[in-house]
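Both backbone and side-chain heavy atoms feed into the values below; hydrogens, waters and symmetry mates do not. Along the sequence shown, residues are numbered consecutively beginning with 1.
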Amino acid sequence: MQIKVSRSKNSCTLYVQKSYRNKQGVSTSKIVERLGSLEEVKVRAGGQDPMEWAKAYVLRLTAEEKEKTRTVMLRLSPGKLIPKGEPQCFYCGHLFLKQIYYQLGLYRICDRLASGTKIEYDLNDVLQQLVFGRILDPRSKLGTCGNQTKYPEKMEVSLQHVYRALDVLADNQSYIQKRLYKNSLDVVRRDTTVLYYDCTNYFFEAEKADPEVTHEDGSKTKGLRQYGVSKEHRPNPVVQMGMFIDNTGFPLAMCINAGNTNEQVTLIPTEKEIVEGMGVERIVVCTDGGLSSEDNRSFNSTADRSFITVQSLKKLPEAMEKWSLETIGWKLVPVAGANKTSQQLEEEGKLEFDLMDDSTVELYGNRTFYRERWIVNEKTTFSQRLIVTFSYKYRDYLRQLRNREIAVAQVQAKKGTSGKKSKKGPGRFISEVYATSDGEPAVYKTTALNLDAIADEEKYDGFYAICTDLHNPAEEILRLNHNRWESEDAFRVIKTDFKGRPAFVWTDEHIKAHFIVCFIALLIFRILENRLNYAYTSSQILSTLRAMTMNLCRGEGYKPNYTRDDLTDALHGMAGFRTDTEIVTNQKIKQILKIVKES
């Protein structure tokens, strides 16, 4: 390649020109890049002589092109042993995660946390290893630290540095979440008008809960690992995690509490951090029934905040429950994307149906019905709207599940056993009757199906209720409530895909830091899914990233050790670099790392 100068009466323009042979074998040339006018090149040169800068630029382009086209010949001997202790296989799937990591400014956050302290290790390297390891190969902190040799770039971190870094992360949890949100606004589009909050807990392989600690001032506190109602029905101590997800599916904020903490009291403090610390206003908070306390509803019933929450029909006042279960006066929920005119939809919206009518089942058995009313409670400072839905499909699904449990209960009743009593087990459908002569101890027990319990539970089949203070159309509120699956899926990814539990740390600070790392990993992974236009499942993306490795070609570079497919092509197209050439030279790896850090 060479510089071509095009001069005119009033200007001088520089181009990059390349010579080549066309299909007929004739030598010719073409322009591959316009560098700009002399004045524009001076700006790009940054004070350097524009012609000298242009010549150096062309030399670099020529060297890069030769690097792409040269053939690498490997000389390998079947009798020569590979060097002991030298890794032969390296990650390359982490490069796509690393690009988003740097775009989120996490390296700047680490620099900010390390500035003014006595930290001697590279906090950024530690955090990268923890985050990438949580996604690509979840292990204990010791195992993650041992995997640092699998990265083509050097990250020299010792185990003691990892544990010291966990203390730093725990002490700056609020700052990290705040900066992540601010930085992410420049990386991806976020919709914080609707926020989904949910809680879960993670078990620890410990024999007992953390003991009570007395401090110098006489106050007493307990550690985070406490006995609580485990979501996985385990007898181990647990730690509770609450998390806000925005309407685009990205994690926004999280909190870590002791395992025996009431979920309902965790919402307001975390939400205050979002409103006051992140400057997020005018939000709708959507929660499940377990978080729908009157305090939480009242806090979110203001000019700038609203709520949508699941409402248990069994916990409604008797008159309200009776109204909710009535079979007349039901309307159809409009179907999104239905091929109907606005006039047809308007006419359909005026119709009312009787759920017990055979024609309703026959014509609209696949549709969802609803009815609504406002609730005014003198004890509260706000009014709320009750929306009750009914679905024949949901009713049949619940009855199918119950019939299985009734069949188990019948077998147990015939054997004279009632099984384990619980709110969800078959034992709830078995009644026990003790018979005895007058004045004698009851020694005879008769077990039978409790038909009253079955009938009482069956009357709620197909019904579902939510409460809100919004005035929006019912179908819009139902759609927003349906998106609560985003928070459930976020916890599933952390627990199952990232193996967030059991956690192999035990101090409160390290426990908090462990879940901060999981939170950061989840945000990076969700952004990656977004950039792939949600065309692939999380399992597909994870399995592909974890399979993307390279074998060392000593002195030359790395040979890809994975199968190229549509997903790997999409990842490379998104990132702007490629690792799927026959060999990735050492020079190319350096260029990729530069692209990753500067993108």
Side-chain angles (χ1 to χ4, degrees), residues 91-107 109 124 127-139 144 147 150-151 169 176-177 179-181 183-192 196 198 200 202 241 243-254 483 485-501 503 513-549 562 565-568 570-576 579 596 599:
Y91 296 133
C92 63
H94 77 289
L95 294 170
F96 307 101
L97 307 172
K98 191 183 186 85
Q99 186 175 49
I100 300 173
Y101 177 97
Y102 272 84
Q103 289 173 347
L104 287 172
L106 279 158
Y107 68 98
I109 293 175
N124 184 45
L127 185 58
Q128 284 187 81
Q129 282 193 38
L130 292 174
V131 171
F132 302 157
R134 186 54 47 191
I135 298 174
L136 297 177
D137 188 8
R139 297 188 179 200
T144 300
N147 272 350
K150 293 186 177 181
Y151 296 94
L169 295 176
I176 293 172
Q177 292 183 126
R179 291 311 314 165
L180 269 179
Y181 168 68
N183 295 347
S184 68
L185 295 177
D186 297 325
V187 177
V188 70
R189 185 189 69 83
R190 301 193 68 159
D191 178 7
T192 56
Y196 300 92
D198 202 358
T200 191
Y202 299 83
M241 180 186 192
M243 185 159 53
F244 272 100
I245 304 292
D246 67 20
N247 202 28
T248 36
F250 301 115
L252 182 61
M254 55 152 276
N483 289 341
W485 69 268
E486 292 278 9
S487 57
E488 297 287 349
D489 188 62
F491 287 136
R492 181 198 62 79
V493 170
I494 291 177
K495 284 187 175 184
T496 305
D497 296 332
F498 295 171
K499 296 184 180 177
R501 52 59 168 138
H514 169 76
F515 289 109
I516 291 171
V517 170
C518 292
F519 177 85
I520 295 172
L522 179 65
L523 176 60
I524 291 175
F525 186 71
R526 287 298 192 225
I527 292 175
L528 181 62
E529 287 182 309
N530 176 269
R531 290 186 174 177
L532 292 171
N533 298 318
Y534 302 103
Y536 305 92
T537 66
S538 59
S539 298
Q540 288 175 316
I541 297 172
L542 282 170
S543 60
T544 298
L545 290 176
R546 290 170 179 174
M548 294 184 76
T549 57
Y562 59 89
D565 56 24
D566 291 340
L567 178 49
T568 60
L571 286 168
H572 288 110
M574 169 208 74
T579 64
V596 164
S599 59

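- To the nearest 0.5 Å, atoms CG (D137) and NE2 (H94) are separated by 13.5 Å.
- When every heavy atom of Q103 is checked against every heavy atom of V187, the shortest pair comes out as O-CG2, 3.4 Å.
- Remark: side-chain polar atoms of E486 are not paired, donor with acceptor, to backbone N or O of Y196 under 3.5 angstrom.
- By the neighbour-count criterion of 12 heavy atoms within 6.0 Å, atom NZ of K495 is densely surrounded, having more than that number from other residues, nucleotides or ligands.
- Applying the ring-ring contact (aromatic ring centres under 6.0 Å, His included) criterion to Y91, with sequence neighbours excluded, gives Y151.
- For F491, there are no ring-ring contact (aromatic ring centres under 6.0 Å, His included) partners, not counting sequence neighbours.
- Contacts of F519 classified as ring-ring contact (aromatic ring centres under 6.0 Å, His included), with partners at least two apart in sequence or in another chain: none.
- Taking all atoms of both residues into account, the shortest heavy-atom contact from A513 to L169 is CB-CB, 4.0 Å.
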Step by step, would you call I109 with Y107 a side chain to side chain contact (heavy atoms under 4.5 Å, CB included)? CA-CA 5 Å; I109 293 175; Y107 68 98; over 6 Å; no
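- Atom CD1 of I520 sits about 5.5 Å away from atom CG of L180, to the nearest 0.5 Å.
- Residues I524 and L106 meet the side-chain proximity criterion, which asks for heavy atoms closer than 4.5 Å.
- Judged as a salt bridge (charged side-chain N to carboxylate O under 4.0 Å, His left out), the pairs with a partner in residues 97-106 (not counting sequence neighbours) are, in order, K98-E153.
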Can you list the steps and then say if M243 with D198 is a side chain to side chain contact (heavy atoms under 4.5 Å, CB included)? CA-CA 6 Å; M243 185 159 53; D198 202 358; over 6 Å; no
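- With N533 contributing its side chain and A535 its backbone, the two residues share no donor-acceptor pair below 3.5 Å.
- Nearest heavy-atom pair across G500 and H514 is O-NE2, 3.0 Å.
- Note that CG of D566 and OH of Y536 are 5.0 Å apart. Values are rounded to the nearest 0.5 Å.
- Using a 4.5 Å heavy-atom cutoff, the side chains of L95 and Q99 are not in contact.
- A donor-acceptor pair is defined here as one N or O able to donate and one able to accept, closer than 3.5 Å; such a pair exists between the side chain of S543 and the backbone of Q540.
- The nearest pair of heavy atoms linking T144 to G133 is CG2-CA, 4.5 Å.
- At a threshold of 4.5 Å between non-hydrogen side-chain atoms, the residues K150 and T549 do not count as touching.
- In this structure a side-chain-to-backbone donor-acceptor pair under 3.5 Å is missing from R179 to L104.
- In this structure, CZ in F250 is found 9.0 Å from CD in E529, a value given to the nearest 0.5 Å.
- Using a 4.5 Å cut-off on side-chain heavy atoms (C-beta onward), Y181 and T192 make contact.
- In summary, D489 and R526 engage in a salt bridge, as defined by a charged side-chain N under 4.0 Å from a carboxylate O.
- Residues meeting the ring-ring contact (aromatic ring centres under 6.0 Å, His included) test with Y101, sequence neighbours left out: F132.
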Are S538 and R492 close enough, and set up right, to give a side chain to side chain contact (heavy atoms under 4.5 Å, CB included), and what steps lead you there? CA-CA 11 Å; S538 59; R492 181 198 62 79; 3.1 Å; yes
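- In plain terms, the two heavy atoms of I541 and F525 that are nearest each other are CG2-CE1, 3.7 Å.
- A 4.5 Å side-chain heavy-atom check between N147 and Q129 finds every atom pair outside the cut-off.
- Between R531 and I100, the shortest heavy-atom contact is NH1-CG1, 3.7 Å.
- In this view, D191 satisfies the salt bridge (Lys or Arg N to Asp or Glu O under 4.0 Å) rule with no residue, not counting sequence neighbours.
- For the atom pair CZ (R134) and CZ (F498), the distance works out to 9.0 Å, reported to the nearest 0.5 Å.
- In this structure, CG on L545 lies 7.5 Å from CZ on F96, to the nearest 0.5 angstrom.
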Determine, step by step, whether L252 and R190 satisfy the side chain to side chain contact (heavy atoms under 4.5 Å, CB included) criterion, reporting the C-alpha distance in whole Å, the side-chain angles of both residues, the deciding distance to 0.1 Å, and the verdict. CA-CA 10 Å; L252 182 61; R190 301 193 68 159; 3.9 Å; yes
